[in-house]
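Let me begin by presenting the structure, written as structure tokens, before commenting on it.
No hydrogens, no waters, no symmetry mates; every other heavy atom, side chains included, goes into these values.
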Amino acid sequence: MMRRTIHKPVCRFWAEMMTAAVLLCAILCMMSCGNAGDVTGNPAEDTEPLTSFALDGTVPDQEMDLSYAQGFRIFYYPDGARLLHLERGGDYLLPGEETGRTLPSETVSGHEITVLPARPSELYLAASSVMALMRSIGAMDQIRYTGIEEDHWTLEEPVEAMRSGRLLFAGKYSAPDYELLRKGHCDLAIESSMIWHAPEVKEQLERLGIPVFIDYSSYEGDPRGRLEWVRLYGELTGTQAQAEAFFTRQLEDINAVLALSGTDRTAAVFAIDSAGRVVVRRSSDYIPRLIVMAGGTYVPENLAGDPESGSGSVILTMEQFYEDCRDADILIYNATYTAAPQSVAELVRQQPMLAQFRAVQNGQVYAADGSFYQATDSTAGIVRDLHAIFNGDAGEPEWFHALPSEKEAG
């Protein structure tokens with residue numbers, strides 16, 4: 001928040017006491033109100049005013065009206081420039097394509113400003129979850145380089161683009177091919193928050209004149225907030241109309257599922273790591289929210305994890321998982337973390353204690369599709385499939401498949 005200087009009287013004791021009382025009341029009010037959004041996921045109302053985002057004295061005349069995302073704000077200036085403000089740090093200026101704008105002489109909200117190209121055309125994408133959003137708005141032709149190797153993509157489009165030579169592997173996020181990016185006139189790098197594990201990479205890219213944008217969409221607790229980052233990428237790539245239309249359609253499809261009746265069925269999402277431990281999602285993560293939106297209840301409940309780490313994963317012992325989830329109606333194996341077993345019998349061989357779980361005994365074990373994480377643009381379809389599973393009419397869902405029993409697998 002913007003700091004305000006308070007001038008205290010120095011001569012009168014009671015005036016000083018009154019000032020202290022006012023400050024105390026303000027602090028107590030802030031403590032009771034906080035700055036979180038409401039339960040629907042809408043952004044908080046007590047955010048910084050437009051005047052806090054003035055650029056060389058020019059105050060933005062509009063701000064994007066967000067529905068669910070809380071990780072960014074977008075401001076519009078009279079000359080056509082736009083400011084992408086990230087709540088976790090970072091301000092990015094998109095100059096108007098016709099008028100242009102130089103780097104402001106001042107910071108906004110205490111952050112340095114990075115000038116981005118008005119419309120990038122040689123983009124290096126190292127944040128895998130962003131690719132599906134680019135796909136949904138027809139902006140993949142602006143992506144020339146990727147930080148993900150071909151066999152690590154689960155989406156068809158980037159695989160096909162790499163095989164045809166339209167998309168080139170330019171090294172993973174922590175070790176990019178600087179020479180390839182420099183010679184190829186790369187004009188923007190989109191990184192996930194993992195780049196903070198290799199800050200020297202960000203510095204080197206910037207030394208080469210390649211601005212770095214950091215995607216924090218994975219920090220959104222509400223799946224619709226994560227999806228709404230498509231509107232930011234619409235601004236960044238000049239495909240605003242496509243982004244707005246896509247986001248509206250997704251919300252309509254999600255709302256259609258929300259209008260259906262819920263169930264009292266519980267579900268756990270998990271994977272088994274190489275050490276035999278159980279990997280689950282913290283309760284505030286977007287995957288548990290998908291389950292709630294689909295009419296189910298996520299277990300284990302109230303699992304905090306470490307939301308500041310940016311990871312939705314929490315490690316449990318098998319005994320902890322058994323205690324919390326043995327009575328879950330449905331088990332969903334998260335194949336985006338480790339490859340899913342081919343049958344219930346194989347799963348039980350990995351962890352014999354799972355044989356005592358209600359879902360295993362009732363044949364209610366599913367595996368999430370391997371592209372679940374990368375398919376950011378398929379939120380509505382995932383919610384729809386989950387609702388069908390909870391209501392016992394899944395048929396052949398697109399994003400999940402039932403693990404066969406040993407007899408069926410044979």
Can you check whether Glu122's main-chain N or O pairs, donor with acceptor, with Asp187's side chain at less than 3.5 Å? yes
For Gln320, is there any backbone N or O sitting under 3.5 Å from a side-chain donor or acceptor partner on Thr317? yes
For Leu188 and Pro117, which heavy atoms make the closest approach, and how far apart are they? CB-CG, 4.3 Å
Student check: side-chain heavy atoms of Arg88 and Tyr219 closer than 4.5 Å: yes
Quick one: does Phe213's side chain get under 4.5 Å of Leu232's, heavy atoms only? yes
Hey, which of Ile291, Asp285, Leu290 is the one that makes side-chain contact (heavy atoms from CB on, under 4.5 Å) with Pro288? Asp285
So does Arg224 pair up with Glu228, basic N to acidic O under 4.0 Å? no
Angle between ring planes, His85 versus Phe53, binned at 30° and 60°: parallel, tilted or perpendicular? perpendicular
Given 3.5 Å as the limit, does a donor-acceptor pair link the side chain of Tyr68 with the main chain of Glu220, or not? no
Just how far is it from atom CD of Glu252 to atom CD1 of Ile254, taken to the nearest 0.5 Å? 10.5 Å
Shortest non-hydrogen contact between Ile137 and Val230, atoms and distance: CG2-CG2, 3.5 Å
Rounded distance (nearest 0.5 Å) linking atom CD1 of Ile143 with atom CG of Leu168: 12.5 Å
Going by distance alone, is a donor N or O of one side chain under 3.5 Å from an acceptor N or O of the other, for Gln361 and Arg358? no
Just wondering, more than 12 heavy atoms not from Asp65 lying within 6.0 Å of its CG? no
Check the pair Gln364 / Phe357 against side chain to side chain contact (heavy atoms under 4.5 Å, CB included), numbers first and verdict last. CA-CA 10 Å; Gln364 293 294 298; Phe357 281 56; over 6 Å; no
Any side-chain heavy atom of Val348 within less than 4.5 Å of one from Val344? yes
So, the side chain of Asp324 versus the backbone of Pro300: is there a donor-acceptor pair under 3.5 Å, distance only? no
Side-chain donor/acceptor of Thr263 to backbone N/O of Gly295, under 3.5 Å: yes
Derivation of the side chain to side chain contact (heavy atoms under 4.5 Å, CB included) call for Met134 and Ile190: CA-CA 12 Å; Met134 295 291 203; Ile190 297 181; 3.8 Å; yes
Are any side-chain N or O atoms of Asp385 and backbone N or O atoms of Trp399, one a donor and one an acceptor, separated by less than 3.5 Å? yes
Quick check: does any side chain N or O of Glu346 sit under 3.5 Å from a backbone N or O of Gln342, one acting as donor and the other as acceptor? yes
Would you say the side-chain atoms of Ser52 pair up with the backbone N or O of Glu48, donor to acceptor, closer than 3.5 Å? no
Any Lys/Arg nitrogen of Arg163 or Glu160 sitting under 4.0 Å from an Asp/Glu carboxylate oxygen of the other? no
Taking Arg144 for the side chain and Arg166 for the main chain, is one N or O donor matched with an acceptor at less than 3.5 Å? yes
Can you tell me how far OH of Tyr173 sits from CG of Leu205, rounded to the nearest 0.5 angstrom? 13.5 Å
Does Glu200, at its CD atom, have more than 12 non-hydrogen atoms belonging to other residues, nucleotides or ligands within less than 6.0 Å? yes
So CZ of Arg277 and CD1 of Ile315: to nearest 0.5 Å the spacing works out to 4.5 Å
Between Ser283 and Asn302, which heavy-atom pair has the shortest distance, and what is it? OG-N, 3.1 Å
When you check the side-chain N and O atoms of Tyr333 and Thr338, is any donor under 3.5 Å from an acceptor? yes
Residue pair Thr154 / Gln374, side-chain donor-acceptor N/O under 3.5 Å: yes
Any idea which heavy atoms bring Thr376 and Ala132 closest together, and the distance? N-CB, 3.6 Å
So Tyr178 and Val201, side chain to side chain contact (heavy atoms under 4.5 Å, CB included) or not? Walk me through it. CA-CA 9 Å; Tyr178 297 114; Val201 172; 3.6 Å; yes
Rounded at 0.5 Å granularity, tell me how far CD1 in Ile389 sits from CD1 in Ile332. 5.5 Å
So, Arg82 side chain and Glu235 main chain: donor-acceptor pair closer than 3.5 Å or not? yes
Within this structure, what is the CG-CG distance for the pair Leu123 and Leu116, rounded to the nearest 0.5 Å? 10.0 Å
Is there a side-chain contact between Thr248 and Phe246 (heavy atoms, below 4.5 Å)? no
Before accepting this row, confirm whether a basic side-chain N of the pair Lys202/Glu191 lies closer than 4.0 Å to the acidic partner's carboxylate O. no
Less than 4.5 Å apart, any side-chain heavy atom of Ile148 and any of Lys172? no
Provide the closest heavy-atom pair for Asp327 versus Thr266 in the form atom of the first, atom of the second, distance. O-OG1, 4.0 Å
Students often mix this up, so state it plainly: with edges at 30° and 60°, are the rings of Tyr233 and Trp229 parallel, tilted or perpendicular? tilted
Any side-chain donor near an acceptor of the partner, Gln351 and Tyr322, under 3.5 Å: no
Heavy-atom pair with the smallest gap, counting every atom of Tyr145 and Cys186: CE1-CB, 4.2 Å
Taking the side chain as everything from C-beta on, heavy atoms only, tell me whether Val269 gets closer than 4.5 Å to Leu331. no
Assess the residue pair Ile214 and Tyr92 against the criterion (side chain to side chain contact (heavy atoms under 4.5 Å, CB included)); give the C-alpha distance rounded to whole Å, side-chain angles, the decisive distance to 0.1 Å, and a yes or no. CA-CA 10 Å; Ile214 301 177; Tyr92 302 87; 4.2 Å; yes
